[in-house]
*Asks:* 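Supplied in structure tokens, the structure appears directly below.
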Amino acid sequence: MAITSNTLIWNKEIECASRSAIESLQLERLKKVLTTVYEKVPFYKELFNEAGVRPQNLKSLADLKNFPFTRKTHLRENYPFGLFAVPSNEVARLHASSGTKGKPTVVGYTQNDLKTWAEVVARSLAASGARPHDVIHNSYGYGLFTGGLGLHYGAERFEATVVPASGGRTNQQIMLLQDFGARVLCATPSYAMNIAYTMDDLKIDRQSIKLEIGIFGAEPWTEEMRAQIEDKMKIAALDIYGLSEVMGPGVSMECAEGRKGLHIWEDHFFAEIIDPKTGELLPDGEEGELVFTTLTKEAIPVIRYRTGDLSVLNRERCVCGRTMVRMNRVRARIDDMLIIRGVNVFPSEIEKTLLQIDDLAPHYQLVLERHKALDCLEVHVEISESLAEKWGHFDDEHLEYINLGSKIQSLLKDSLGVTADIRLKKPSSIPRSEGKAQRVIDKRS
Ligand code: DLL
């Protein structure tokens with residue numbers, strides 16, 4: 001669904017600068033950040049020394065490939081402030097990951113970092129087709145997660161009216177969407193779906209809300225999910241990407257005109273794609289792991305940070321006029337790959353297949369169990385409201401139930417090569433997301 005009115009370019013001078021201007025700015029900033037971390041962060045001094053590199057070895061952007069990677073484990077091992085490059089009295093804000101695997105990863109921002117963050121989010125809002133003075137309803141969680149506050153201050157910088165709704169209390173959020181007339185919704189795609197289906201449950205007329213744009217991210221989602229959201233909500237659904245270690249939301253944003261990849265705000269974030277196995281740099285157009293170096297971050301700059309996200313870089317000219325490199329929609333996180341009886345499968349590939357089947361609703365969960373040393377994948381997926389009405393009652397021995405289950409099973413087998421046990425569920429029976437959806441329940445360990 002395209003936005004028809006002309007969209008705004010927030011910072012035309014830099015967003016549409018020539019490639020040579022962008023690259024010379026990047027080189028100048030890269031030299032500076034390498035020197036800063038070498039002098040101010042003992043961790044980097046040791047890391048560079050071990051790799052036999054010095055900041056002055058960087059003569060061109062291509063030389064960055066000789067520098068070592070930073071990983072999430074490095075942040076954990078140096079918990080909480082070991083990778084900070086400024087004294088604590090210069091840190092204006094802290095955020096942290098949820099820390100489900102032990103200590104959280106902590107990130108900090110100076111006042112300048114917060115200004116940069118608001119700037120890149122303002123650029124992202126403009127790229128989506130939002131306009132200053134729009135009402136922006138922000139359903140990303142407020143708190144240690146960067147989604148809520150990141151979008152919030154960017155929207156204020158953009159001079160919009162922000163509704164800091166955060167996640168949860170969906171009925172009330174729908175009432176506020178109706179009463180405050182938001183044109184833009186910021187949420188995870190799974191929470192946007194939750195809102196859309198709750199509106200159906202409450203029999204709320206789509207005409208009573210004014211939404212035109214969705215700014216969705218923080219979790220992987222497919223083109224098929226986009227098509228379903230756009231169809232159901234009658235909005236343009238655009239992809240926003242980011243991660244706390246690099247900044248938060250607004251590292252890159254899809255533009256309303258191009259809708260083909262997300263522009264990386266390259267004056268602040270230098271992107272590379274590497275082979276996740278060998279660490280070798282890959283050329284544009286090839287899929288691999290995204291790696292970012294921050295060019296202007298003061299509190300906690302990161303050098304060649306391995307995101308664990310799979311994407312592709314594309315430097316072709318975009319129809320929107322922006323010259324900044326685009327990354328493809330993140331296909332998956334490398335960590336999320338499921339190995340089922342030797343076959344590698346990403347949850348997003350299962351999502352793609354499920355969402356092509358008309359009789360299903362876009363609510364699913366993947367449950368992994370081990371029976372007698374064999375991995376078993378159960379796909380729990382809701383049937384559509386219309387099918388549930390047609391069936392009347394729900395019985396897993398019903399011929400139609402068995403037929404639909406077999407159809408899904410054979411489509412998954414054809415597309416992914418795995419045999420899954422299909423569990424069709426009644427509408428509204430799979431837990432709804434209020435933030436990042438939990439798609440996989442792994443009971444194997
Ligand atoms: O999720 C920041 C964010 C908030 C981005 C709101 C967009 C909107 P973290 O909690 O640190 O930060 O999680 C970062 O989430 O490495 C990706 O795996 C995933 N992710 C973020 N955006 C997208 C996206 C925020 N658009 C991790 N598509 C990243 C796919 C995404 N995955």
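Both counts, for ligands and for their atoms, begin at 1 and track the order of listing.
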*Asks:* How far does CD of Gln173 sit from CG of Leu177, to the nearest 0.5 angstrom?
*Replies:*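 Here the interatomic distance stands at 7.0 Å.
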
*Asks:* Tell me which one of Lys260, Arg259, Arg226 satisfies salt bridge (Lys or Arg N to Asp or Glu O under 4.0 Å) with Glu254.
*Replies:*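 Of Lys260, Arg259, Arg226, salt bridge (Lys or Arg N to Asp or Glu O under 4.0 Å) with Glu254 is met by Arg226 alone.
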
*Asks:* Give a yes-or-no answer on whether the side chains of Thr116 and Thr296 include a donor-acceptor pair shorter than 3.5 Å.
*Replies:*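 No - no donor-acceptor pair under 3.5 Å links their side chains.
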
*Asks:* Do Lys232 and Tyr197 meet the cation-pi criteria used here (NZ or CZ under 6.0 Å from the six-membered ring centre, within 45° of the axis)?
*Replies:*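 Pair Lys232/Tyr197 counts as cation-pi.
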
*Asks:* With side chains defined as the heavy atoms from C-beta onward, is the minimum distance between Asp267 and Arg29 less than 4.5 Å?
*Replies:*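 When only atoms from C-beta onward are counted, Arg29 and Asp267 do touch, with a gap below 4.5 Å.
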
*Asks:* Taking atom types as modelled, find out whether Thr7 and Glu257 have a side-chain donor-acceptor pair closer than 3.5 angstrom.
*Replies:*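 Judged by distance alone, the side chains do pair up.
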
*Asks:* Could you name the protein residues that come within less than 4.0 Å of ligand 1, counting only heavy atoms, and order them by chain and residue number?
*Replies:*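 Contacting ligand 1 under 4.0 Å are Tyr140, Phe145, Thr146, Gly147, Gly217, Ala218, Glu219, Pro220, Asp239, Ile240, Tyr241, Gly242, Leu243, Ser244, Pro249, Asp309, Val330, Arg333, Lys436.
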
